[in-house]
Amino acid sequence: MSNRAWMPLHIADYLADTGHLTATEHGAYLLLIMHYWQNGALPENERVIARIAKLSPDQWEESRDMLAMLFGPGWTHKRIDAELAKADDIIEKRRSAASSRHSKSKSNASAEQMQSTCSDTRVPPITDNLSTSSLRSDVCPEPEKSAPASPTAIELPALKGEMVAITEAEVAEWSEAFPAVDVRQQLAAMRSWLNANPGNRKTSKGMKRFVVSWLSRDQDRGGGRQQPQAQAPPRPMSPHIQRHERIRQNLKRELYGDENADNAGHVIDLAERDYHSH
């Protein structure tokens with residue numbers, strides 16, 4: 001039995017080989033080739049094969065011939081056999097090379113082992129981009145490089161007493177996405193709101209979605225960065241309007257004794273055109 005935790009699958013070739021299958025037959029075929037990959041073969045008893053494919057007797061009777069077209073006589077699979085043989089050969093070669101390096105330098109071997117670990121063999125297969133097999137056993141995923149951690153800007157209380165850390169990198173990203181919003185001030189407001197409303201706290205997974213929704217609403221309202229618009233300066237009065245304003249102020253002074261009225265002490269004759277009855 002081959003104890004491999006993953007099975008390489010070339011999607012384009014797989015779809016080209018299985019375009020005639022129904023959705024149920026796709027699931028059955030994948031279960032069969034995964035069993036084949038881990039065990040090196042399928043059982044001889046077709047009742048057992050049907051159980052591996054999770055098909056009922058009626059489903060097996062209907063789909064058996066379609067599935068058999070993808071296998072050879074006796075439910076063999078040449079492509080998987082070839083890939084298993086290639087993988088075993090690569091594993092042995094890499095193990096020999098690792099042993100040779102280990103005998104030369106223990107310190108170097110430790111670093112080599114950390115960089116050449118694969119989940120099933122602990123030895124990385126050789127990448128062959130020219131392979132057209134839909135079951136490629138020569139591909140090992142590149143180890144993910146962890147990004148440097150960003151310092152925490154604030155922590156928001158979540159359900160079950162958990163705290164969700166909001167990083168400086170996220171604050172910078174949201175500040176760019178919501179330019180009208182003071183993101184730090186709004187995060188502080190969120191923390192106060194969550195502390196005051198523990199029944200409305202979010203799960204740890206849903207906290208970032210809650211933050212983005214809050215910031216989006218504040219952005220739509222204009223955020224807190226808008227400055228009040230300056231009042232436009234009064235429009236200059238035309239000479240005609242100025243004459244009427246002086247008349248109005250003079251009448252105000254004459255009728256009410258308003259000493260603050262403009263043009264105090266001046267007498268303005270009212271021509272016929274200056275007065276209109278209403």
Could you state the interatomic distance from [atom1] ([X]) to [atom2] ([Y]), rounded to the nearest 0.5 Å?
| X | Y | atom1 | atom2 | answer |
| --- | --- | --- | --- | --- |
| Phe178 | Glu173 | CZ | CD | 9.0 Å |
| Arg51 | Ile49 | CZ | CD1 | 13.0 Å |
| Gln219 | Arg217 | CD | CZ | 13.0 Å |
| Leu159 | Thr203 | CG | OG1 | 6.5 Å |
| Gln38 | Ile33 | CD | CD1 | 12.0 Å |
| Ile166 | Leu156 | CD1 | CG | 5.0 Å |

Verdict with reasoning, Leu32 to Leu70, per side chain to side chain contact (heavy atoms under 4.5 Å, CB included): CA-CA 11 Å; Leu32 293 177; Leu70 299 168; over 6 Å; no

Between [X] and [Y] (side chain of the first, backbone of the second, donor and acceptor by atom type, cut-off under 3.5 Å), is there such a pair?
| X | Y | answer |
| --- | --- | --- |
| Asn195 | Arg191 | yes |
| Thr167 | Ser150 | no |
| Ser175 | Val171 | yes |
| Tyr36 | Ile80 | no |

Is the CD atom of Glu62 crowded by more than 12 outside heavy atoms at less than 6.0 Å? no

CE (Met66) with more than 12 external heavy atoms under 6.0 Å: no

Would Leu15 and Leu30 show up in the same hydrophobic cluster when neighbours are defined by side-chain heavy atoms closer than 4.5 Å? yes

Do Met163 and Leu187 sit in one hydrophobic cluster, given that two such residues count as connected whenever their side-chain heavy atoms are within less than 4.5 Å of each other, even indirectly? no

Evaluation steps, side chain to side chain contact (heavy atoms under 4.5 Å, CB included), between Leu215 and Met190: CA-CA 10 Å; Leu215 296 176; Met190 291 178 215; 3.7 Å; yes

Walk me through whether Gln185 and Asp218 qualify under side chain to side chain contact (heavy atoms under 4.5 Å, CB included). CA-CA 11 Å; Gln185 189 276 332; Asp218 196 55; over 6 Å; no

Heavy-atom side-chain proximity of Pro43 to His35 below 4.5 angstrom: yes

Side chain proximity check, Arg201 to Pro198, heavy atoms < 4.5 angstrom: yes

Could you go through Lys202 and Glu162, starting from their C-alpha distance and side-chain angles, then the distance that decides it, and tell me whether this counts as salt bridge (Lys or Arg N to Asp or Glu O under 4.0 Å)? CA-CA 10 Å; Lys202 313 303 176 184; Glu162 298 176 347; over 6 Å; no

Taking every heavy atom of Asp17 against every heavy atom of Arg79, the minimum-distance pair comes out as OD2-NH1, 2.8 Å

Are Arg209 and Ser213 close enough that a side-chain donor and a side-chain acceptor fall under 3.5 Å? no

With side chain to side chain donor-acceptor pair (under 3.5 Å) as the test, would you mind laying out the steps for Trp75 and Glu46 before giving the verdict? CA-CA 9 Å; Trp75 294 93; Glu46 288 197 3; 3.1 Å; yes

After noting the C-alpha distance and the side-chain angles of Val181 and Trp174, does the key distance pass the side chain to side chain contact (heavy atoms under 4.5 Å, CB included) rule? CA-CA 9 Å; Val181 180; Trp174 292 331; over 6 Å; no

Quick one: are the ring centres of Phe71 and Tyr29 less than 6.0 Å apart? yes

